[in-house]
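Throughout, protein chains are lettered first and strands after them, A, B, ... in sequence-line order, and every chain is numbered starting at 1.
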Amino acid sequence: MNERIKALYKTHIIEKAKDETHTGQLTDATHVIEAYNPLCGDQFTLYLKVEDDVVKELKFNGYGCSISKASTAVLAESILGKSLTDFGKVWSDFMEIVNENAKASPEQISNNEYLLAFAAAREFPERKTCATLSWEALAKALITH
Amino acid sequence: MNERIKALYKTHIIEKAKDETHTGQLTDATHVIEAYNPLCGDQFTLYLKVEDDVVKELKFNGYGCSISKASTAVLAESILGKSLTDFGKVWSDFMEIVNENAKASPEQISNNEYLLAFAAAREFPERKTCATLSWEALAKALITH
Amino acid sequence: MTNHFPIFSKHTPLGQPLIYLDSAASTQKPQVVIDTITDFYTNEYASTGRGSYWPANAASAKYEQVRHQVASFLNAKSDREIVFTSGTTDAINKVARSFVYPTLSPGDCVVTTTMEHHSNYLPWQQICKEKKCELVVAPLNQNGILNTLALEAQLAKGAKFLALTAVSNVLGTQNDVTAIVSLAHQYDVPVLVDAAQAVAHYTIDVQAWDCDFLVFSGHKCYGSTGVGVLYGKTDYLAEMQPANYGGGMVQKVNTIDSSFRPIPHKHEAGTPNVAGVIGLGAALEFLQKKGLENVYEHEQALTVYALNQLAAMDSVTIYGSVEQRGPVISFNLDGVHPHDLSTFLNEQGICIRAGHHCAQPLMQWLDVAATARVSFGMYNTKVDIDQLVAGLKSAYQFFR
Amino acid sequence: MTNHFPIFSKHTPLGQPLIYLDSAASTQKPQVVIDTITDFYTNEYASTGRGSYWPANAASAKYEQVRHQVASFLNAKSDREIVFTSGTTDAINKVARSFVYPTLSPGDCVVTTTMEHHSNYLPWQQICKEKKCELVVAPLNQNGILNTLALEAQLAKGAKFLALTAVSNVLGTQNDVTAIVSLAHQYDVPVLVDAAQAVAHYTIDVQAWDCDFLVFSGHKCYGSTGVGVLYGKTDYLAEMQPANYGGGMVQKVNTIDSSFRPIPHKHEAGTPNVAGVIGLGAALEFLQKKGLENVYEHEQALTVYALNQLAAMDSVTIYGSVEQRGPVISFNLDGVHPHDLSTFLNEQGICIRAGHHCAQPLMQWLDVAATARVSFGMYNTKVDIDQLVAGLKSAYQFFR
Ligand SMILES: Cc1ncc(COP(=O)(O)O)c(C=O)c1O
Ligand SMILES: Cc1ncc(COP(=O)(O)O)c(C=O)c1O
């Protein structure tokens with residue numbers, strides 16, 4: 001098996017893609033966010049309960065490739081319990097990590113190994129939209145709100 | 001001056017293009033025919049007086065290149081006094097003479113030197129529509145009539 | 001056969017031989033097509049139209065010669081029935097917008113099928129929406145074959161038009177176009193056939209099929225990008241309003257109105273894709289030299305072989321019927337998302353398609369969000385399929 | 001400069017060096033453009049879109065890169081403002097049909113000018129006819145320059161749209177686009193600029209010009225056939241309905257309706273002319289390397305030289321103004337029909353255009369049925385013009 005593909009799907013991604021900790025839905029969500037990629041049909045619905053700017057609960061369900069699933073799971077973990085303001089930094093870090101044009105190396109950006117697991121997306125720019133699908137949708141929904 | 005161009009515009013064509021014998025119009029025409037080439041803007045109006053299938057009078061006016069002018073003048077001469085039925089043969093001969101894919105040589109088709117003057121159009125297929133402009137319009141008008 | 005296609009003599013950036021299994025999206029180009037385009041631009045480029053100089057007259061002559069070639073390729077009655085467009089999508093939109101739209105009144109219906117590509121679905125949906133008409137989507141039988149009984153019931157109700165693909169770009173289903181057109185004509189319903197997935201694979205005969213319109217793209221039959229063909233019966237093309245207005249299609253322009261040139265020219269506004277058309281001509285000649293019967297036989301053998309190989313894998317689900325299908329196979333590998341599969345196989349030089357293949361209505365019918373798809377061209381071999389199967393096996397292991 | 005253009009290293013079929021004076025119809029192609037297209041088809045061909053394999057991802061990346069290149073070539077604010085079309089004509093029809101048409105009510109008016117090419121005249125005429133609106137044709141001053149007073153009067157009456165060429169393809173007149181757009185905006189009239197005759201000749205700056213839409217064709221700026229550009233301001237492009245529906249432009253397809261992708265993608269239905277777009281990218285890069293200021297200076301010098309040479313001949317009538325003109329000159333030679341002239345010059349390897357140049361309204365204004373036209377590209381030289389003048393002199397003799 002070649003090294004590039006191993007790097008892309010390193011254990012954390014395959015592991016997180018199968019992680020069902022946050023799958024499900026919330027009936028009392030304050031925000032319901034649709035993340036949809038028209039080019040491949042991948043689709044997630046994110047349910048958030050935000051109180052006083054803090055994400056108290058998050059569940060998601062949907063359909064997608066391992067990268068989009070894993071990145072949604074990691075998003076859930078990264079934001080849960082955080083204030084939206086604090087999360088801004090994590091969000092930008094993640095975007096930089098997957099950005100193939102970024103100047104900084106992934107390791108210079110963050111030391112969170114779950115975020116860093118997506119660094120190989122830099123080598124696969126056509127998969128970047130998978131990594132950022134839910135992240136982009138979340139930002140868009142919370143900004144327009 | 002090169003030979004091809006001389007052949008195309010041989011004396012008969014330049015001569016006939018300037019020939020005003022049949023220019024003018026008829027107020028008592030039985031047929032008024034518009035010959036128009038949308039690609040170059042050339043345009044002639046033909047006035048015919050046809051009685052008992054015989055073309056008794058013909059005048060034309062309009063605007064065009066020497067080839068279309070000369071071919072209209074030659075058309076006028078060839079049809080005047082003829083029955084439309086008899087003219088059919090002249091019409092086909094002329095079309096064959098200018099047809100670059102014809103099997104017969106121009107000289108095999110006709111010995112009318114005014115018709116033969118257009119044979120060089122075979123070498124200039126893009127000018128064929130100039131040679132046939134009025135001829136085609138006439139055929140179309142008399143067939144649909 | 002690959003020796004005609006220069007791309008196969010190279011390796012991928014990762015150093016693998018290229019195994020191209022996405023011809024349904026677009027075919028690779030034979031050397032002779034590339035050379036024809038290069039030669040045109042290099043040695044005798046000019047725009048077509050009324051240039052009475054070399055190379056403009058040469059370019060115009062070639063352009064019209066390709067029209068003639070397309071007419072005989074499709075067995076059309078006359079060159080005038082051939083309109084060049086920028087692709088299948090453009091051609092379908094022209095017919096929808098300029099031929100069908102003006103005939104629709106509120107409450108009318110237009111019929112299409114569940115297996116259409118978005119390009120043969122959305123134009124009809126949108127004109128129906130605008131005109132408050134109904135888009136009737138003819139259903140499929142369980143095996144992915146068109147339900148002709150249901151179709152006939154819809155036609156009998158007084159449909160205004162039927163738009164139908166010759167071959168599904170997902171299931172590979174090959175419709176019995178002759179029978180369906182004849183059915184539609186019993187109810188006086190004109191038919192457009194989307195031949196995008198047929199043109200490179202078997203012989204099209206518009207007179208035998210008796211379809212009223214037929215469309216395809218050059219890039220899917222070994223030709224240039226940006227060029228397509230709209231075939232239409234003379235009377236229909238003559239009746240149809242131009243979709244675009246501009247240079248080259250006009251007779252006389254007056255201040256308030258204008259008159260247009262006869263068909264096909266009135267449907268070709270603006271400077272055409274001359275190099276594209278000339279490249280298409282080279283592609284059709286190439287296809288005809290190889291012989292569409294030979295191509296068909298070769299690709300059918302490959303398809304059967306691939307279906308057998310895939311069916312032998314427990315982890316693979318194949319969609320659609322086994323009978324009567326073009327060289328297109330959609331499937332899913334248990335537990336592996338098509339996109340992950342595609343990325344994985346790409347590392348081995350194997351190109352497959354993943355996604356909804358611009359056929360969301362069909363995906364809804366299949367009840368999947370996406371499939372993996374392989375499709376073949378004349379350059380594919382059994383070795384490609386063996387590599388694919390090996391790749392599927394290691395992907396299955398890797399993603400477990 | 002000719003050494004970049006391989007066609008000039010050959011002779012015509014009659015054995016003459018090629019003197020190409022028809023760049024306003026279409027420009028010749030530099031080697032680098034031809035090589036880019038050949039290389040794409042030969043070494044990394046694939047369709048764009050969601051292919052997660054090489055070469056599809058490479059093709060998509062290049063395609064989007066050219067979009068970015070076009071945006072910066074035009075000084076657009078964002079790549080999203082750039083839509084690829086099949087040409088100028090296609091782009092204008094899209095705006096007429098999908099942006100202006102829906103805003104028209106009976107009695108409204110759309111303004112264009114007497115110097116427009118049919119492609120920027122007929123689309124407006126036809127939508128006005130359909131909507132029972134008036135097409136107002138802004139008049140010219142005696143010297144062929146737009147009469148801005150008359151134009152302003154029309155705009156003040158409440159026009160819905162203004163469609164205007166940057167440079168006349170017959171007279172060469174170069175309109176003061178910035179001033180005219182600003183005038184139109186005073187009356188809240190959006191403006192489309194037809195830059196077909198500008199793009200290869202001087203710097204376009206859509207922000208400085210402040211035009212709402214701008215269109216051009218690849219084949220007139222040293223690029224491929226079958227590709228064009230529609231620039232539109234973000235809000236307008238977003239508001240504009242798609243003109244075509246099909247693959248690649250859709251978000252979600254439901255039975256009754258569908259949602260579309262954001263701009264620019266919603267305006268690009270179907271497989272695009274990928275090779276054409278990539279060729280356009282190479283052409284713009286080539287143009288920028290040569291420097292549009294240098295090109296402008298060179299072509300202006302040629303134009304002045306040619307105007308002087310022609311003016312010195314009593315038998316020649318030149319149309320239009322001497323000031324402010326692009327490298328296009330229309331004229332007539334006494335007693336010699338332009339078509340005869342063109343055929344005559346062609347025998348000497350000299351290519352000129354003859355006819356109405358798809359500008360019948362302007363021909364009516366000039367009160368001629370046809371003109372002869374010469375136009376220059378970066379590859380022309382004074383020697384070409386000397387040859388032309390010599391040719392005109394012998395033609396005059398020959399046809400006396
Ligand atoms: C001023 C002008 N506008 C529009 C066009 C139409 O361009 P195209 O034929 O490439 O669509 C042309 C050239 O043909 C032109 O010169
Ligand atoms: C069945 C079918 N119809 C229509 C199309 C659209 O063709 P194009 O994108 O070349 O316009 C395609 C392919 O994309 C197709 O497979």
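- For a residue to count as touching a neighbouring chain, one of its non-hydrogen atoms must lie under 4.5 Å from one of that chain's; by this rule C:Leu18 touches chain D with the side chain only.
- Chosen from D:Thr271, D:Val253, D:Asn346, the residue pairing most often with chain C at heavy-atom distances under 4.5 Å is D:Val253.
- For chain C, the option among D:Trp54, D:Tyr20, D:Trp124 with the highest count of heavy-atom pairs below 4.5 Å is D:Trp54.
- With a 4.5 Å cut-off on non-hydrogen atoms, C:Ala243 touches chain D through its backbone but not through its side chain.
- At least one donor-acceptor pair closer than 3.5 Å links the side chain of D:Gln125 to the backbone N or O of C:Thr255.
- Both the backbone and the side chain of C:Gln28 come within contact range of chain D, with heavy atoms under 4.5 Å apart.
- When C:Thr12, C:Val227, C:Leu135 are compared by the number of non-hydrogen pairs under 4.5 Å with chain D, C:Thr12 comes out ahead.
- Chain D forms the most heavy-atom pairs under 4.5 Å with one residue out of C:Gly247, C:Gly218, C:Ala46, C:Cys358, and that residue is C:Gly247.
- Minimum heavy-atom separation, D:Arg353 to C:Thr48: NH2-O, 3.7 Å.
- The environment of D:Lys10 atom NZ is dense: over 12 non-hydrogen atoms of other residues, nucleotides or ligands sit within 6.0 angstrom.
- Atom-to-atom distance recorded for D:Thr42:OG1 and C:Ile7:CD1 is 8.5 Å, nearest 0.5 angstrom.
- Of the two parts of C:Ile352, only the backbone, made up of N, CA, C and O, holds a non-hydrogen atom closer than 4.5 Å to a non-hydrogen atom of chain D.
- Looking at every heavy atom in both residues, D:Thr225 comes nearest to C:Val274 through OG1-N, 3.5 Å.
- In terms of non-hydrogen atom pairs under 4.5 Å with chain C, the most contact-rich of D:Gln126, D:Glu44, D:Lys129 is D:Gln126.
- Each of C:Gln364, C:Glu134, C:His117, C:His118 has some count of heavy-atom pairs under 4.5 Å with chain D, and the biggest count is that of C:His118.
- Interface check for chain D: of the options C:Asp257, C:Leu14, C:Ile256, C:Thr343, the most heavy-atom pairs under 4.5 Å are formed by C:Asp257.
- Neither the backbone nor the side chain of D:Phe5 has a heavy atom closer than 4.5 Å to any heavy atom of chain C.
- Within residues 29-36 of chain C, the residues that have a heavy atom under 4.5 Å from a heavy atom of chain D are C:Lys29, C:Ile34, listed by number.
- Taken to the nearest 0.5 Å, the CG atom of C:Asn244 stands 11.0 Å off from the CG atom of D:Leu122.
- For C:Phe260, the part sitting under 4.5 Å from any heavy atom of chain D is the side chain, from C-beta outward, and nothing else.
- When atom types are taken as modelled, the side chain of D:Ser119 and the backbone of C:Gly270 share no donor-acceptor pair closer than 3.5 angstrom.
- Ranked by heavy-atom pairs under 4.5 Å with chain C, the first of D:Pro13, D:Gly355, D:Ser86 is D:Pro13.
- Under a 3.5 Å cut-off, the side chain of D:Thr89 and the backbone N or O of C:Ala269 do not form any donor-acceptor pair.
- Between D:Lys252 and C:Gln360, the shortest heavy-atom contact is CA-OE1, 3.4 Å.
- Among C:Gln241, C:Lys94, C:His219, C:Lys220, the residue making the largest number of heavy-atom pairs under 4.5 Å with chain D is C:His219.
- Using a 4.5 Å cut-off between heavy atoms, C:Pro272 touches chain D through its backbone atoms (N, CA, C, O) alone.
- Among C:Thr85, C:Thr27, C:Leu345, C:Val277, the residue with the largest count of heavy-atom pairs under 4.5 Å with chain D is C:Thr27.
- Between the side chain of D:Asn93 and the main chain of C:Tyr245, a donor-acceptor pair closer than 3.5 Å is present.
- Contact annotation for D:Phe8: neither backbone nor side-chain heavy atoms come within less than 4.5 Å of a heavy atom of chain C.
- Contact annotation for C:Asn120: neither backbone nor side-chain heavy atoms come within less than 4.5 Å of a heavy atom of chain D.
- We find the CD1-OH distance between D:Ile19 and C:Tyr53 to be 13.5 Å, quoted to the nearest 0.5 Å.
- For D:Tyr45, the ring pair (Phe, Tyr, Trp, His ring centres under 6.0 Å) partners at least two apart in sequence or on another chain are D:Phe40, D:Tyr41.
- Contact count versus chain C (heavy atoms, under 4.5 Å) is highest, among D:Ala25, D:Ala275, D:Ser258, for D:Ser258.
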